Amino acid sequence: MLETKYNHLEVERDKYDKWKDNGYFKCDPNSDKEPFTIILPPPNVTGKLHLGHAWDISLQDIVARYKRMDGYDVLWLPGTDHAAIATESKVVKKLKKEGINKYEIGRKKFLDACWDWTREYGGNIRKEWANMGCSLDYTYERFTLDEWSVNAVNKVFIDLFNKGLIYKGKRIINWDPEAKTALSNEEVNYKDIPGAFYHIKYFIEGTEDYLDVATTRPETLFGDTAVAVNPKDDRYKDLIGKKVIVPIVNRIVPIIGDEHADIEKGTGVVKITPAHDPNDFEVGNRHNLERIVIMDETAHMNEKTGKYNGYDRFECRENLVNELKEKDLLIRIEEITHSVGFSERTDAMVEPYLSEQWFVKMDKLCEDLIKVQGIKEEKVDFFPKRYNKTIIQKAKECYDWCISRQLWWGIRIPVWYKDDQIKASVKSPGEGWVQDKDVLDTWFSSALWPFSTLGWAMEDKTLFERYYPTNYLSTGYDILFFWVFRMMFQSYEYTNKMPFKDCFIHGLIRAKDGRKMSKSLGNGIEPIDMVNKYGADALRFYLTTSSAPGLDLRFDEDKLSSTWNFINKIWNASRYTLMNIGDINELDFNNLTFSDKWILTKFNNTVKQVRKNMEKYDFQNVGSELYDFIWSDFCDGYIEFSKFDINNSSTKSTLLYVLTGIIKMLHPFMPFVTEEIYQKLPIKDSESIMISNYPKYDKKLVFNDTIDLMESVRDYITKVRIAKKDNNIKKDCKYSFRCSEESKVENLICNMLKLTKENIAYQKEIDTFESISVDYDTKVFNANLKFFFEVSEDDKEKEKESLLKEKMVLESQISRREKLLSNQGYVNNAPKELVEEERNKLENEKRQLIVINNKLES
RNA sequence: GGAUUCUUAGCUCAGUUGGUUAGAGCAUCUGCCUUACAAGCAGGAGGUCGUAGGUUCGAGUCCCACAGAGUCCACCA
């Protein structure tokens with residue numbers, strides 16, 4: 001028997017390992033079931049699961065468990081990401097604490113340290129998956145540095161290289177001076193920070209005149225190789241072709257005319273530093289300007305900056321500005337707020353830096369993606385739909401992807417050099433060839449993840465052939481461009497298919513006040529704390545049913561706590577059922593009562609709705625449908641009714657049947673507690689709920705004609721309760737009662753209202769006392785209940801008031817409805833059922849009005 | 001500048017291709033320890049759906065404008 005109270009700690013202990021050991025998480029490549037594949041977005045191997053992950057993996061486990069129960073051969077494939085820069089920067093930091101420098105110990109030893117780190121922390125993630133109850137198939141667990149992934153990466157890289165879709169180029173890229181590596185545009189976060197426009201005098205050669213050149217980055221003047229004005233700018237156009245002297249360095253550079261100079265902006269004159277600004281780089285290309293690199297890879301000034309050689313860029317700025325002031329070359333400083341890029345990982349200010357990097361040429365890949373997203377059978381369906389637009393938008397304005405990183409932790413670029421020869425291959429082409437030092441962007445391997453993990457680049461392709469393309473991907477909108485977008489074009493290029501059929505995009509978890517959860521704000525919440533406090537089941541249900549698809553979720557512990565209450569409710573409903581059904585071994589529906597038929601009908605309608613919404617991944621609606629059905633209909637309604645028919649074997653069967661269905665539908669959301677309850681059931685269709693059958697709509701157990709009757713009965717019971725309360729009617733008050741639906745509902749109503757036989761009024765009392773009556777009259781059901789007692793003038797007044805109030809409400813409803821039904825536009829255009837329902841209601845309301853009018857007259 | 005989301009009860013949020021009197025949780029008020037559950041039960045109160053127009057027999061829902069909040073992309077000498 002179940003304990004009185006739900007104890008999540010007790011319930012969630014041990015179950016996970018049992019499921020795992022029994023092989024329930026495993027797919028079966030030899031099965032004749034239809035495969036259903038979900039690839040887990042691989043978290044950083046040394047990372048920690050935060051609430052966002054908990055949400056994300058719950059959204060996947062729900063689908064995995066649902067599909068498994070519904071007859072699919074489910075593969076949910078786990079894995080982790082080496083997370084090049086994120087892991088490397090952590091290991092660098094750790095070594096630094098021990099006084100070790102990455103470059104001193106060299107590449108090999110450093111990589112050993114990374115592997116040690118990975119092994120040390122890699123297990124944490126797996127523990128957290130287990131805490132959350134994820135039914136992952138560990139047989140096929142992958143890592144982005146294992147051979148499945150590395151083989152695929154090499155294969156794709158070499159092929160793209162041979163096709164000319166990967167090239168090496170000297171370009172301005174985003175440089176992280178702390179990690180000393182290039183970054184892609186996606187890895188740069190822009191923040192608004194205070195800064196200044198420094199207005200500097202650039203003297204025109206051979207004159208006493210100068211141009212006022214405004215810049216936010218005066219230290220880059222060492223790299224200036226021109227000054228640009230707009231050729232349409234009347235103020236300056238005559239100066240084009242003349243020369244100016246770059247202050248401090250005294251370099252003579254041309255004044256050029258270029259559209260890049262904005263007439264409206266600043267002074268209209270802009271200095272051109274081709275090696276340190278992406279726009280200037282373009283200008284430089286157009287005008288054949290020299291590119292002078294003035295910083296090193298740590299963003300310190302180099303020998304080109306004279307006495308500033310070795311200065312940090314900010315230090316240099318400060319000193320240079322002072323020097324300009326002293327030499328009367330600084331006109332003024334204008335304080336502004338401007339947005340500046342920072343490295344996503346190290347938070348270092350990004351330096352636009354001229355260097356040689358590898359790029360993926362994007363135009364063709366993007367064009368293909370856009371084309372496929374226009375083909376109904378081949379496209380990825382986004383949930384919610386609008387993200388398709390976001391992806392297309394991205395593809396339309398895509399720039400080439402910088403994929404080389406000056407890091408060591410990652411997959412090394414499979415390119416070899418000898419003299420001026422260059423070759424792409426995994427192994428050295430021969431004597432004297434040297435491999436490229438750089439590794440690939442971690443997202444390059446992630447982009448191949450949906451097919452690399454399934455063995456696309458391996459000899460054995462059975463998994464790939466059976467489980468690819470995958471069916472469902474769930475992830476947050478924050479990595480739409482990093483990952484989803486790149487998986488789409490890479491998969492299409494190499495498998496000729498989109499990597500997944502459905503893509504569910506969720507939002508971010510926020511703190512209760514709507515701010516982001518972050519370490520710096522100190523408002524982060526650990527999933528494990530919530531699991532300990534309320535259980536994984538409550539956390540999963542809360543997270544997955546509390547927001548509309550694609551929107552952010554404000555984490556509210558109070559709501560999590562009421563989810564716990566909901567589970568406690570389910571627990572107790574199960575407890576009641578198990579206590580009362582005895583040891584039945586067969587379901588018997590031969591002697592169903594009205595209330596049995598009613599709940600069976602409601603249940604089957606719920607199954608229908610739940611399945612429909614599960615297919616749409618609309619878990620919010622599934623959640624509220626289950627919540628309402630379980631709490632309002634099953635617990636508050638049916639269980640109370642069942643207490644009076646509990647010896648009827650059909651009622652027992654109904655209780656068990658509905659409860660079983662409920663916990664099965666809940667199982668994908670709350671796997672632990674539903675398994676606990678399932679194991680206690682006297683009739684089961686499998687040894688574990690995990691492998692039981694998901695409920696199906698059963699027409700044979702639908703009795704639509706009982707719905708109206710039972711809803712009327714419930715409505716009437718409520719009416720009587722209100723009347724009893726309003727008139728302060730005591731338990732032993734004498735009454736008389738009659739109703740239209742034979743003894744079946746009469747008994748039920750009397751029981752529900754605690755109308756006992758000994759309180760039935762005798763004729764004497766009927767004659768002596770006055771009465772308050774509660775009446776009900778509809779097509780399917782009418783009833784009259786009178787309470788006899790010494791009705792005071794006060795009571796009469798009260799009753800009259802409430803009757804008048806009721807009359808007013810009814811009259812306004814009737815007139816509204818009559819107006820509606822006399823509107824030909826409505827009658828002709830609205831759905832027939834709806835109009836019919838309106839007519840029914842009008843009739844019922846009219847009946848009720850007659851009842852009330854009669855009472856008021858008497 | 002482009003895209004996009006949001007604005008509904010005191011708070012946090014639902015509200016399906018337009019269709020009765022707009023729902024839930026929490027909070028609040030009243031009455032109940034009724035043997036599944038007081039972490040509960042039975043009831044109550046609380047909303048001119050951001051503002052202003054339009055389409056329609058009918059608008060929280062569709063269209064236009066405006067106001068406010070957020071996010072993404074581009075720009076940012």
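Since the structure is predicted, the reported quantities are computational estimates derived from the model, not experimental observations. Note that these values count all heavy atoms, side chains included, but never hydrogens, waters or copies made by symmetry. Letters A, B, ... mirror the listed sequences (proteins, then strands); counts begin at 1.
One can place CG of A:Asp556 at 9 Å from C1' of B:C11, the figure rounded to the nearest angstrom. Taking atom CZ on A:Arg515 and atom C1' on B:U12, their separation rounds to 17 Å, with Å as the unit. Taking atom CZ of A:Arg839 as the reference point, atom C1' of B:G19 lies 15 Å away to the nearest angstrom. Taking atom CD1 of residue A:Ile729 and atom P of nucleotide B:G31, one finds them 18 Å apart after rounding to whole Å. Rounded to an integer number of Å, the gap from A:Ile193 CD1 to B:C76 C1' is 12 Å.
Taking only side-chain atoms of A:Leu551, from C-beta outward, the nucleotide of B:C26, B:A14, B:G19 with the closest atom is B:A14. Here the nucleotide nearest the side chain of A:Gln393, chosen from B:G2, B:C13, B:A77, is B:G2. Out of B:G19, B:U12, B:C76, the shortest distance to the side chain of A:Ser339 is found at B:C76.
The same atom, P, is picked in B:A27 and in B:U12; the two are 15 Å apart, to the nearest Å. Nucleotides B:U16 and B:A52 have their P atoms positioned 23 Å apart, rounded to a whole Å. Using atom P as the reference point in both B:G10 and B:U51, the two lie 14 Å apart (nearest Å). Rounded to whole Å, the separation between the C1' atoms of B:A9 and B:U28 comes to 12 Å. Straight-line distance between the P atoms of B:G15 and B:G50: roughly 14 Å, to the nearest whole Å. Only the C1' atoms considered, B:G46 is 24 Å distant from B:A59, to the nearest whole Å. Using P as the reference atom, B:U8 and B:C62 are 16 Å apart when rounded to the nearest Å. Look at the C1' atom in both B:C49 and B:C6: the space between them is 14 Å, to the nearest Å.
Residue pairs satisfying the salt bridge (Lys or Arg N to Asp or Glu O under 4.0 Å) criterion with at least one member in residues 542-561 of chain A, sequence neighbours excluded, are listed as follows: A:Arg510-A:Asp552, A:Lys512-A:Asp556, A:Lys512-A:Asp558, A:Lys533-A:Glu557. Within the structure, salt bridge (Lys or Arg N to Asp or Glu O under 4.0 Å) contacts touching residues 261-283 of chain A (residues at least two apart or in different chains) are A:Asp224-A:Lys271.
Using a 3.5 Å distance cut-off with no hydrogens or angles, the side chains of A:Glu799 and A:Asn727 do not pair a donor with an acceptor. Between the side chains of A:Asn568 and A:Lys5, no donor N or O sits under 3.5 Å from an acceptor N or O. In summary, the side chains of A:Asp537 and A:His8 do not present any donor paired with an acceptor at a separation below 3.5 Å, with no hydrogens or angles considered. A side-chain donor-acceptor contact under 3.5 Å links A:Thr756 and A:Asn759. Between the side chains of A:Asn621 and A:Asp618, at least one donor-acceptor pair of N or O atoms lies under 3.5 Å. Side-chain contact of A:Arg291 with A:Asn285: a donor-acceptor pair under 3.5 Å is present, judged by distance alone. Side-chain atoms of A:Asn279 and A:His260 form no donor-acceptor pair, as typed in the model, at a separation below 3.5 Å. Side chain to side chain, A:Glu187 and A:Asn174 fail the donor-acceptor criterion of an N or O pair below 3.5 Å.
At a threshold of 4.0 angstrom between heavy atoms, the contacts of A:Asn279 are confined to the sugar-phosphate backbone, with no base atom among them. Residue contacts shown for A:Gln620 are limited to sugar-phosphate atoms, with no base heavy atom under 4.0 Å away. Residue contacts for A:Glu845: at a heavy-atom cut-off of 4.0 Å it reaches a base atom on one of the strands shown.
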Return a single string for nucleotides 34-44 of chain B, one symbol per nucleotide in 5' to 3' order, where B is base contact, S is sugar-phosphate-only contact and - is none, cutoff 4.0 angstrom on heavy atoms. --BB-BSSBBS
Taking protein heavy atoms under 4.0 Å as touching, what does nucleotides 55-63 of chain B look like 5' to 3' if B marks base contact, S marks sugar-phosphate-only contact and - marks none? --B------
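Mapping A:Lys389 and A:Thr215 onto RNA chain B by nearest heavy atom places A:Lys389 at the nucleotide closer to the 5' end.
Residue-environment remark: NZ (A:Lys608) stays at or below the threshold of 12 foreign heavy atoms within 6.0 Å.
Checked against the 6.0 Å centroid criterion, the rings of A:Trp564 and A:Tyr542 do not qualify as a close aromatic pair. Ring centroids of A:Phe541 and A:Phe669 are separated by less than 6.0 Å, placing the two rings close together.
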Every protein N/O lying under 3.5 Å from an N/O of nucleotides 67-74 of chain B:
unit_1, atom_1, unit_2, atom_2, d
B:C73, O2', A:Glu397, OE2, 2.6
B:A74, OP1, A:Tyr399, OH, 3.1

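Minimum heavy-atom separation, A:Ile193 to A:Met349: CD1-CE, 4.0 Å.
Stem regions annotated for RNA chain B: B:1-7 with B:67-73, B:10-13 with B:23-26, B:28-32 with B:40-44, counting only runs of 3 or more consecutive pairs of Watson-Crick or G-U type with both contacts under 3.5 Å.
Stacking of A:Lys389 on the aromatic ring of A:Phe382 is not recorded, the 6.0 Å distance cut-off and the 45° axial limit not both being met.
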